[in-house]
Amino acid sequence: MELKRDQEVVESFNYGLPPRDQKVEQKLLINFSPLEATDPAYPAENSIMGVRIEFVLPFEEFIIGGVLSQVIHVIGRKVNQKSDLTEAEANEMIRPILNLIERMVYEITEIALDKPGVKINFSSNTI
């Protein structure tokens with residue numbers, strides 16, 4: 001599967017203290033949305049997918065959450081919904097966003113905690 005990616009977009013990213021006397025659940029929501037081409041000359045055999053990941057990662061000392069997205073062009077193939085993709089293809093589409101989340105968590109915790117950052121690792125079996 002040939003992909004052409006637009007730049008990842010950090011829609012929001014939050015680091016904060018956990019609320020007192022309240023449990024925060026971990027969340028990882030992954031959404032695939034077909035998008036329409038705005039250019040009439042866009043090749044009909046290609047597809048455009050929007051991928052959006054919303055997450056909340058609670059730790060004992062802090063909570064990190066946010067929303068990241070990316071527009072991905074699937075070259076030479078029609079993809080109208082996530083079910084048109086194999087699990088491996090879907091994982092390939094989201095991997096750069098997950099890598100960015102991993103990096104941002106490491107960097108912000110290194111700065112905020114003034115010690116080596118927290119390493120998270122989304123497994124390759126994300127979906």
Side-chain angles (χ1 to χ4, degrees):
M1 178 169 68
E2 182 182 352
L3 303 176
K4 181 177 176 260
R5 299 172 182 276
D6 290 359
Q7 180 66 41
E8 298 97 340
V9 175
V10 179
E11 296 179 31
S12 68
F13 186 81
N14 307 298
Y15 172 94
L17 298 175
R20 291 184 180 177
D21 304 323
Q22 182 182 350
K23 185 176 180 181
V24 176
E25 296 293 325
Q26 180 173 312
K27 175 170 64 171
L28 181 65
L29 299 174
I30 302 169
N31 186 19
F32 291 83
S33 300
L35 303 174
E36 295 292 326
T38 56
D39 181 356
Y42 192 81
E45 66 275 8
N46 294 353
S47 303
I48 307 172
M49 293 293 291
V51 178
R52 189 169 192 259
I53 299 179
E54 181 179 346
F55 64 97
V56 175
L57 304 172
F59 295 86
E60 189 174 318
E61 297 178 38
F62 56 87
I63 296 174
I64 292 182
V67 178
L68 281 77
S69 61
Q70 185 175 43
V71 173
I72 302 170
H73 303 265
V74 183
I75 308 301
R77 181 169 162 199
K78 293 306 286 178
V79 178
N80 296 314
Q81 55 193 352
K82 181 184 172 281
S83 62
D84 293 337
L85 301 167
T86 67
E87 183 176 327
E89 290 170 333
N91 284 334
E92 178 184 353
M93 290 180 87
I94 65 169
R95 176 50 42 200
I97 301 172
L98 295 176
N99 289 344
L100 183 55
I101 293 169
E102 291 171 358
R103 180 176 171 215
M104 291 173 69
V105 168
Y106 182 85
E107 297 288 339
I108 195 68
T109 56
E110 182 177 48
I111 294 165
L113 302 174
D114 196 24
K115 59 184 181 184
V118 173
K119 291 183 181 180
I120 63 170
N121 184 13
F122 294 107
S123 73
S124 62
N125 297 329
T126 303
I127 296 181

Colleague: Mind checking whether Ile120 and Val10 sit in one hydrophobic cluster, side chains of I, L, V, M, F, W, Y counted as touching below 4.5 Å?
Modeller: yes

Colleague: What is the minimum heavy-atom distance between Pro18 and Phe59, and which atoms define it?
Modeller: CG-O, 4.4 Å

Colleague: Which residues satisfy the side-chain contact (heavy atoms from CB on, under 4.5 Å) test with Val71, sequence neighbours excluded?
Modeller: Asp6, Leu35, Ile48, His73

Colleague: To the closest 0.5 Å, what do you measure between CG (Asn46) and CD (Glu2)?
Modeller: 8.0 Å

Colleague: Which atoms form the tightest heavy-atom contact between Val105 and Val118, and what is the distance?
Modeller: CG1-O, 3.8 Å

Colleague: Working to the nearest 0.5 Å, report the span between CG of Leu28 and CG of Leu57.
Modeller: 7.5 Å

Colleague: Crowded around Asp21 CG? As in, over 12 foreign heavy atoms under 6.0 Å?
Modeller: no

Colleague: Not counting sequence neighbours, which residues clear salt bridge (charged side-chain N to carboxylate O under 4.0 Å, His left out) with Glu102? List them please.
Modeller: Arg95

Colleague: How about Ser69 and Glu11: does a side-chain donor come under 3.5 Å of a side-chain acceptor?
Modeller: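 Present: a donor and an acceptor within the cut-off.
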
Colleague: Of the non-hydrogen atoms in Tyr106 and Gly117, which two are nearest, and what is the gap between them?
Modeller: CE1-O, 3.3 Å

Colleague: Once you round to the nearest 0.5 Å, how far does CE of Met93 lie from CD1 of Ile30?
Modeller: 12.0 Å

Colleague: Can you name the side-chain contact (heavy atoms from CB on, under 4.5 Å) partners of Arg77, sequence neighbours left out?
Modeller: Met1, Val74, Val79, Leu85, Glu89

Colleague: Give the minimum heavy-atom separation between Asn31 and Ser33, together with the two atoms involved.
Modeller: ND2-OG, 3.6 Å

Colleague: Of all the heavy-atom pairs spanning Pro58 and Gln26, show the shortest one and how long it is.
Modeller: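 The pair with the smallest heavy-atom distance is CD-CA, 3.6 Å.
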
Colleague: Is any side-chain heavy atom of Ile75 closer than 4.5 Å to one of Leu3?
Modeller: no

Colleague: By salt bridge (charged side-chain N to carboxylate O under 4.0 Å, His left out), which residues pair with Lys4, not counting sequence neighbours?
Modeller: none

Colleague: Taking only residues two or more places apart in sequence or in another chain, which ones pass salt bridge (charged side-chain N to carboxylate O under 4.0 Å, His left out) with Glu54?
Modeller: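 Once residues adjacent in sequence are excluded, the partners of Glu54 under the salt bridge (charged side-chain N to carboxylate O under 4.0 Å, His left out) criterion are Lys27.
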
Colleague: So, taking the atom named CD in Gln70 and the one named CE in Met49, what distance separates them when rounded to the nearest 0.5 Å?
Modeller: 12.0 Å

Colleague: What is the distance from atom CZ of Phe55 to atom CG of Asn14, rounded to the nearest 0.5 Å?
Modeller: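 It is 8.0 Å, given to the nearest 0.5 Å.
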
Colleague: Is it possible for you to say whether Met104 and Val51 belong to one hydrophobic cluster, with membership spreading through side-chain heavy-atom contacts below 4.5 Å?
Modeller: yes

Colleague: Nearest 0.5 Å, please: how far is NZ in Lys82 from CD1 in Ile94?
Modeller: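 One gets 8.5 Å once the value is rounded to the nearest 0.5 Å.
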
Colleague: If hydrophobic clusters are built from ILVMFWY residues whose side chains come within less than 4.5 Å, do Ile101 and Phe13 share one?
Modeller: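 Ile101 clusters together with Phe13.
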
Colleague: Using links of under 4.5 Å between side-chain heavy atoms of ILVMFWY residues, direct or through other members, which residues join Leu17 in one cluster?
Modeller: none

Colleague: By the definition side chain to side chain contact (heavy atoms under 4.5 Å, CB included), identify the one residue from Leu100, Leu29, Val67, Leu98 that meets it with Ile53.
Modeller: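 When side chain to side chain contact (heavy atoms under 4.5 Å, CB included) is applied between Ile53 and each of Leu100, Leu29, Val67, Leu98, only Leu98 qualifies.
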
Colleague: Would you call the rings of Tyr15 and Phe62 parallel, tilted or perpendicular, taking 30° and 60° as the class edges?
Modeller: parallel

Colleague: Verify the neighbour count for atom CZ of Arg103: are there more than 12 heavy atoms of other residues, nucleotides or ligands below 6.0 Å?
Modeller: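 No.
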
